[in-house]
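Order of the sequence lines sets the chain letters (A, B, ...), proteins ahead of strands, with each chain counted from 1. Here the structure is a predicted model, which means the values were calculated and not measured.
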Amino acid sequence: MAKAMPKNFDFKEAEGRIYKWWEKSGWFKPEVAPPDAEAFTLSMPPPNVTGALHTGHALFTTVEDLMTRYERMRGKAALWVPGTDHAGIATQLQVEKMLRDEGTSRQEVGREEFLARTWAWKEKYGGRITDQLRRMGASCDWDRERFTLDDGLSGAVQDVFISLYDQGLIYRGPRLVNWSPGLQTAVSDLEVEREEEPGKLYFFNYPVEGGESIPVATTRPETILGDTAVCVHPDDDRYKYLIGKTAYVPILNRAIPVIADEYVDREFGTGALKITPAHDFNDYEIGIKHKLQFINVMNRDATMNEAAGQYAGLDRFACREKIWADMTVLGLTVKVVDHPHVVPRSQRGGEVIEPLMSTQWFLKIQPLADKAIAAVRDGSIKIVPERFEKVYFNWLENIEDWCISRQLWWGHRIPAWIHQDGRIFVGKLPPKGDGWTPEEDVLDTWFSSGLWPFSTLGWPQETADLKRFYPTSIMETGYDIIFFWVARMIMLGLWFTDKPPFHTVYLHGLIRDKFGRKISKSLGNTIDPLELIDQYGADPLRFTLATSGTPGNDINLDSEKVEANWRFVNKVWQMTNFVLGNIEGDVPDGLPSANELDLPSRWIVSRLTRLTSSVQYLFDTFQYGEAGRQVYDFLWSEFADWYIEVSKYPLYEGDEQAKENTRRVLLHILNTSLRLLHPYMPFVTEELWSYLPHTKSALILAQWPVAATAYLDDKSEAEMTTLMDLVRGVRNIRAEYAVDPARKISASVAPGSYRANLEQYSYLFARLCNVSQITLLAQGTAAPDESASVVVSDVTFYLPLAGLVDVAAECERLTKEQDKLLEQISKSKNMLGNEQFVSRARPDVVERERTKLAELEASAAQISERLTALCK
RNA sequence: GGGCGAUUAGCUCAGCUGGUUAGAGCGCACGGUUCACAUCCGUGAGGUCGGGGGUUCGAGCCCCUCAUCGCCCACCA
């Protein structure tokens, strides 16, 4: 006798309890598998240590936990390594805000104090995100949790930096970089977002010696102050004669040359270009090529510096206005036109990025990129979906050196010292001698993230974990960080471990709102996963995230879907409740052999078998969404709607043998389905599992189902389908004629080839469509009068509905149906009459078509007969 | 300027090795209080699968082309 189940799943009570039980029992650890088990390793994309769970986290947790639980159930030593990222800029900004609220600033408290405050912040909030991941059900091994600023990982970062420097791949020097004036740091190309914005193009005349002038255009007049040349196309007849002459920077009257370069587009603007090598990336190239002066006219906060003369101290945008006004007074300006153009903005904060000269550290990345390209090309790393390989190649093939230094305080400090005389020392310990200053800069956060798959396993030490679990198996993350993170992990992993850090990259999409809009605070369409968990539980949220999309495509999340899946959770609960409520005594484990089963049982077991192998195929090809939907459909539309309903007959009215067989089938379907469902909805399935007989261990450790092909049974599926269609047909008639649902009716049946089935399973119609009595007509018997008919295959049900059947309406209904049939028949005949189809299509397709045609014709014949009898 | 994705029912989406009558959830209409579930059950309406062309015995699916929307990459002042 099974223990009694509560009426509903109390997820609020159960989720925490179950999670604790799993974690305490050590079941998230790979050690639950035998020592010789194959390893499956997943590195969690580390969320920002002080972050809070958002839908993106919820999605990756769902998918990665699904993968991990699946592999664990398959008996692998499954290890999902969790951790958090120090997230340099993000965290520093948060702490800076806190200091501002306290009325102070990081500059005021100083570096040491600031770092102490940040660590305290991390201690305070660092556990929040990991607790929230637990609420999602994440089965990662928390004993192996890592933080990018841990000693071990920091050591790895230093080793890598020093090694790359020693290999000549890291260099330091003044370069034009993307400068964030607000954050006061350099950022990488990837951290700059470019979007077209309305703007203006300013036309003016550049004074040239001898009273000449060259008209030029610019979008940023303040950079005029840093001009060190005017450039024209060498073949431009308009300006050719001025090449080599001297021009004079407006306001400053600094002398600069007029040069020629084919880079200039004669068609654009005036066809002449002012060159500001220290404030524009294109001009920078031209400046180097023509050995021009580099004059920096801005400070680090984007105010003008002394080189800007009278404009020193002005903000860059104020300067833009001022200098233009001044030039207008001087009669130099020509016109200002509206000119939408691309403005670089900081990914964080949104301020306009300024190209600025500064001394930074760079990584020569091409040699690493070459290896990374090769690894994907030769298939040692596979990207799912495959189309992202193209994006990956394109980026790596055109990669620029990586600016890895940041003028922040929170992060891995670059292990270097700079001497007064300009020498650089790179190492873990300070160099001997005087005059050395430690480097203040820290590394780009992504530098340490790039080592994540192996640094978390103990590298550079040859730890047992590293040996057992590296290379990892799958890197599951969003396509939005394929450059930031995925490519860099591959490059650094190959470079330092000589192995691809993972064999598969699985990319998921972004979560959007239900209208497909990007989620943002300003739009006010943020979705808080924790609220959804509070409301519906983690399982419905996970199931929704897992089944709402396809790999690499964005998901529009709608809380209504979560609600719908919450109902699914309840449905599964009620199915189990029903099955257990109908168990008595000891039911033998496992299934009876197929020949001992009745038709509905053979059908449902065959369907389950098909489902299991389909799910397996879908998992093998990373189609988790489709797999989940199939399990859902099977359980609800086949198991609950049909098998459970049908099983009530043997359960309530059958003999002992029938009861036992049915119980065994019910339990088997449930047992298998819960296992298939567990990676999607771990909590409710684990809870239900505990009520099932024959389940000694926890579901989390149960064996993943394997399709028992001996139970595949096409014939039973076809027969059952016909019976189900008949039931639907009767229900349909009843609804159409508005027959009281409680009213029992009888049926006369021309059974065709289904005589035996109909005799044996007539109870089905009593149960499912309230047909209490079925009379099988002998062949050639006339159909009863005043009845509606249901035709499926070669079976006809006559429902004598005295007083309800309207002959005219019935005739119309039948005619409509006949027309439909005739159309299909003609289509089918055409097909089979086509020599090409018969000879070229696969034989099973042709065979199926023949069967179909035979059935259609049988049905049509019966309807035809009926029409003749009933209608004139 | 390149590249990618999307376009299927009123809404949000599945349908990825081409093959019965294209599906789901929600919404809508009608009907259901007997023993798993009203968090439910039954029935129904609703789609020329963005347009055009092609390949094929057969196309929502493959190829070409166009359109609209979205995203990524790219140095045009």
S.K.: Out of B:rC16, B:rC37, B:rA36, which nucleotide sits closest to the side chain of A:Asn570?
M.R.: B:rC37
S.K.: Scan every strand shown for a Watson-Crick or G-U wobble partner of B:rG18, both distances under 3.5 Å, and answer none if you come up empty.
M.R.: none
S.K.: Is there a side-chain contact between A:Lys571 and the phosphate of B:rC41, meaning an N or O under 4.0 Å from OP1 or OP2?
M.R.: yes
S.K.: Using the C1' atom on both, measure B:rC4 against B:rC76 and round to a whole Å.
M.R.: 24 Å
S.K.: Side chain of A:Glu626 only, please: which of B:rA14, B:rU43, B:rU39 is the nearest?
M.R.: B:rA14
S.K.: Closest to the A:Thr550 side chain: B:rA6, B:rC16, B:rA36?
M.R.: B:rC16
S.K.: Among B:rA36, B:rA77, B:rG19, which is the nearest nucleotide to the side chain of A:Val264?
M.R.: B:rA77
S.K.: Verify the contact: side-chain N or O of A:Asn732 to OP1 or OP2 of B:rG44, cut-off strictly under 4.0 Å; return yes or no.
M.R.: yes
S.K.: Is any side-chain heavy atom of A:Leu273 closer than 4.5 Å to a side-chain heavy atom of A:Tyr263?
M.R.: yes
S.K.: Under 3.5 Å for both donor-acceptor distances, Watson-Crick or wobble: does B:rG60 have a partner, and if so which one?
M.R.: none
S.K.: If the C1' atom of B:rA22 is compared with that of B:rC63, how far apart are they to the nearest Å?
M.R.: 22 Å
S.K.: Taking pairing as Watson-Crick or G-U wobble with both contacts under 3.5 Å, can you name the mate of B:rG25, or confirm there isn't one?
M.R.: B:rC11
S.K.: Which of the following nucleotides, B:rC76, B:rC41, B:rA14, is nearest to the side chain of A:Asp641?
M.R.: B:rC41
S.K.: Between atom CG in A:Asp265 and atom C1' in B:rA74, what is the gap in whole Å?
M.R.: 16 Å
S.K.: Using whole Å, report how far CG of A:Asp844 lies from P of B:rG58.
M.R.: 18 Å
S.K.: Of all the choices, B:rC71, B:rC75, B:rG25, which nucleotide is nearest to the side chain of A:Asn282 once you look at every atom?
M.R.: B:rC75
S.K.: For the pair made of NZ in A:Lys518 and P in B:rC69, what is the distance, rounded to whole Å?
M.R.: 19 Å
S.K.: A:Tyr206 side chain N/O closer than 4.0 Å to the phosphate oxygens (OP1, OP2) of B:rA77?
M.R.: no
S.K.: Between A:Lys852 and B:rU21, is there a contact of a side-chain N or O with OP1 or OP2 at under 4.0 Å?
M.R.: yes
S.K.: Does a distance-only test, which skips hydrogens and angles, find a donor-acceptor pair under 3.5 Å between the side chain of A:Glu645 and the base of B:rA36?
M.R.: yes
S.K.: On a whole-Å scale, what distance lies between the C1' atoms belonging to B:rC30 and B:rU39?
M.R.: 22 Å
S.K.: In whole angstrom, give me the gap between the C1' atoms of B:rC69 and B:rG50.
M.R.: 11 Å
S.K.: What I'd like to find out is whether the side chain of A:Val730 reaches to under 4.5 Å of the side chain of A:Ile733, using heavy atoms alone.
M.R.: no
S.K.: What's the NE2-C1' distance between A:His341 and B:rA74, to the nearest Å?
M.R.: 17 Å
S.K.: Would you say a side-chain N or O of A:Lys390 is under 4.0 Å from OP1 or OP2 of B:rC4?
M.R.: yes
S.K.: For A:Leu510, which contact category applies under a 4.0 Å heavy-atom criterion: base, sugar-phosphate, or nothing?
M.R.: nothing
S.K.: On a whole-Å scale, what distance lies between the P atoms belonging to B:rG23 and B:rG44?
M.R.: 13 Å
S.K.: What is the pairing partner of B:rA77, taking Watson-Crick or G-U wobble pairs with both distances under 3.5 Å in any strand?
M.R.: none
S.K.: Using 4.0 Å as the upper bound for N to carboxylate O, is an ion pair formed by A:Glu285 and A:Lys289?
M.R.: no
S.K.: Calculate the interatomic distance between A:Phe483 atom CZ and B:rC73 atom C1'; express it in whole Å.
M.R.: 7 Å
S.K.: Under a 3.5 Å cut-off for both distances, is B:rG46 Watson-Crick or wobble paired, and to whom?
M.R.: none
S.K.: What I'd like to find out is whether the side chain of A:Lys571 reaches to under 4.5 Å of the side chain of A:Leu635, using heavy atoms alone.
M.R.: no
S.K.: A:Ala738 near the nucleic acid: base, sugar-phosphate alone, or nothing, with a heavy-atom cut-off under 4.0 Å?
M.R.: nothing
S.K.: Inspect the contact between A:Lys827 and A:Glu849 and indicate whether a charged nitrogen and a carboxylate oxygen are less than 4.0 angstrom apart.
M.R.: no
S.K.: For a quick test of reading the model: is some side-chain N or O of A:Trp395 closer than 4.0 Å to OP1 or OP2 of B:rC4?
M.R.: no
S.K.: Just to be sure I understand the rule, does A:Asn553 reach a base, reach only the sugar-phosphate, or reach nothing, if contact means heavy atoms closer than 4.0 Å?
M.R.: sugar-phosphate
S.K.: Of all the choices, B:rA38, B:rU43, B:rG25, which nucleotide is nearest to the side chain of A:Arg728 once you look at every atom?
M.R.: B:rU43
S.K.: Are the ring of A:Trp566 and the six-membered base ring of B:rU39 within the stacking cut-offs of under 5.5 Å and under 30°?
M.R.: yes
S.K.: Give A:Ala564 one of three labels, base, sugar-phosphate or nothing, depending on what nucleic acid heavy atoms sit under 4.0 Å from its own.
M.R.: sugar-phosphate
S.K.: Does A:Lys518 come within less than 4.0 Å of A:Asp554, counting only side-chain N to carboxylate O?
M.R.: no
S.K.: Distance between the P atoms of B:rG60 and B:rU55, in whole angstroms?
M.R.: 16 Å
S.K.: Identify whether any heavy atom of A:Lys648 sits under 4.0 Å from a base atom; if not, whether one sits that close to sugar-phosphate; answer base, sugar-phosphate or nothing.
M.R.: base
S.K.: Taking the minimum atom-to-atom distance to the side chain of A:Tyr617, which one of B:rG19, B:rU17, B:rG15 wins?
M.R.: B:rU17
S.K.: With heavy atoms under 4.0 Å as the rule, sort A:Tyr263 into base, sugar-phosphate or nothing.
M.R.: base
S.K.: In Watson-Crick or G-U wobble terms, both distances under 3.5 Å, what is the partner of B:rC40?
M.R.: B:rG32
S.K.: Which nucleotide, B:rC75, B:rG5, B:rC40, lies nearest any side-chain atom of A:Arg387?
M.R.: B:rG5
S.K.: Which part of the nucleic acid, if any, lies within contact of A:Phe268, taking any heavy atom under 4.0 Å across all strands shown: a base, the sugar-phosphate backbone alone, or nothing?
M.R.: base
S.K.: So what does A:Tyr479 touch, heavy atoms closer than 4.0 Å: a base, only the sugar-phosphate, or nothing?
M.R.: nothing
S.K.: What is the separation between atom CD on A:Glu196 and atom P on B:rC73, rounded to the nearest whole Å?
M.R.: 16 Å
S.K.: Please state the C1' separation for the pair B:rU68 and B:rU8 - nearest whole angstrom.
M.R.: 16 Å
S.K.: Aromatic rings A:Tyr479 and A:Phe388: how do their planes relate, parallel, tilted or perpendicular, breaks at 30° and 60°?
M.R.: parallel
S.K.: Starting at atom CG of A:Leu618, determine the distance to atom C1' of B:rG15, rounded to an integer number of angstrom.
M.R.: 12 Å
S.K.: Considering only NZ, NE, NH1 and NH2 on the basic side and carboxylate oxygens on the acidic side, decide whether A:Asp236 and A:Arg266 come within less than 4.0 Å.
M.R.: no
S.K.: Please confirm whether the shortest side-chain N or O distance from A:Arg567 to OP1 or OP2 of B:rC26 is below 4.0 Å.
M.R.: yes
S.K.: Searching all strands shown, indicate the nucleotide that pairs with B:rC4 (Watson-Crick or G-U wobble; both distances under 3.5 Å).
M.R.: B:rG70
S.K.: Measuring only the C1' atom in each nucleotide, how far is B:rG5 from B:rU20? A whole number of Å is fine.
M.R.: 32 Å
S.K.: Do A:Val337 and A:Tyr202 come close enough that some side-chain heavy atom pair is under 4.5 Å?
M.R.: no
S.K.: From C-beta outward on A:Trp636, which listed nucleotide comes closest to its side chain: B:rG42, B:rU21, B:rC40?
M.R.: B:rC40
S.K.: Just call it for A:Glu285: base, sugar-phosphate, or nothing, with non-hydrogen atoms closer than 4.0 Å on any strand.
M.R.: nothing
S.K.: Output the rounded distance in Å from CG (A:Asp740) to C1' (B:rU43).
M.R.: 15 Å
S.K.: Say whether, by atom type as modelled, one donor and one acceptor occur between the side chain of A:Asn577 and the main chain of A:Trp573 under 3.5 angstrom.
M.R.: no
